[in-house]
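A short worksheet on the structure shown next.
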Amino acid sequence: MIWFMFKGIFQGLIDLIYPKICLVCRTKLKSTGSVDNLVCPECWSKIKRNAPPFCSSCGRHLEKPLRNICTSCIKKPLHFDRAVSPCIYEGAIKDLIHEFKYRNKDYLGVTLSRLILDFIDEYNLKMDFFDFFIPIPLHRARLREREFNQADILAKQIALKLNKVLLPDALLRRRNNRSQTNLEDKERFNNVKEIFSINKNVLIKGKNILLIDDVLTSGATCSEAARTLKNAGANIVFALTLAN
Ligand SMILES: [Zn+2]
Ligand SMILES: [Zn+2]
């Protein structure tokens, strides 16, 4: 009891000295109503949700749906069977993913994974279909630098909530390719060519696999991972990302 009182007073003092601020708009968070004490409700509500009709390949919202596939997927077919994302990669979610990945806020993974879980619920995505989940791996040099793999954290949360098997070491990153940021789409596909290999201890043949990553932009990384898995005999490969 005394400990809890002490803890309460101590936390109160900490909040007074370092008031919690919203990770998007940087205003002071109120004691109630914020999302996990990290984001103010206004910024959270501004996260742009991806809505149907979706491209049957990359999963982006189709503006003028003449066909069920977007022009960029017609021009450059992707190797996964389908990708899905709950959010559109701009504004608040872009800021939050940046904080998550580059500002050492691994704890944001719990909050952000809820957007994915809500989306799975809302669209009744059949997760039973998948034999296991595989997060897109980082190269070990990049992992050392960042200390965590953001895809791993998201995948772990989702697998835990849905009671699915997670195989974080099934795919290996052979080459520490340069970052995809600031590359043109065409360069992105070249940049990831043959960067993945399969862990020989994992049976991929005939399996239905869900790849998990934080963002899908050109789709090059997930596509290359799917190509590698399909070459190893995978049956169906979907890609699930937080935003696209
Ligand atoms: Zn805010
Ligand atoms: Zn598309």
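Counting starts at 1 for both ligands and their atoms, following the listed order. Fair warning: this is a prediction, and the values are worked out from it, not measured in the lab.
For the 3.5 Å distance criterion, the side chains of T217 and R188 qualify, holding a donor opposite an acceptor. Side-chain contact, Q180 with N191: a donor N or O sits under 3.5 Å from an acceptor N or O.
Checked for salt-bridge contact, D185 and K76 miss the test: no charged N lies under 4.0 Å from a carboxylate O. No salt bridge links R142 with E145; every basic N to acidic carboxylate O contact stays at or beyond 4.0 Å. Look at K30 and E42 and you find no salt bridge, because none of the NZ, NE, NH1 or NH2 atoms lies under 4.0 Å from a carboxylate O. Looking at K230 and D81, a side-chain N of the basic residue comes within less than 4.0 Å of a carboxylate O on the acidic one, giving a salt bridge.
Within the 4.5 Å cutoff, no side-chain heavy atoms of I88 are placed close to those of I93.
For the Zn ion (ligand 2), protein N, O or S atoms under 2.8 Å: 4 in total.
Within the 3.5 Å criterion, the main-chain N or O of G59 finds a donor-acceptor partner in the side chain of N50.
Atoms of the protein (N, O or S only) found under 2.8 Å from the Zn ion (ligand 1) are C22 SG, C25 SG, C40 SG, C43 SG.
Partner of L115 under the side-chain contact (heavy atoms from CB on, under 4.5 Å) criterion, chosen from L154, L242, I120, L96: L242.
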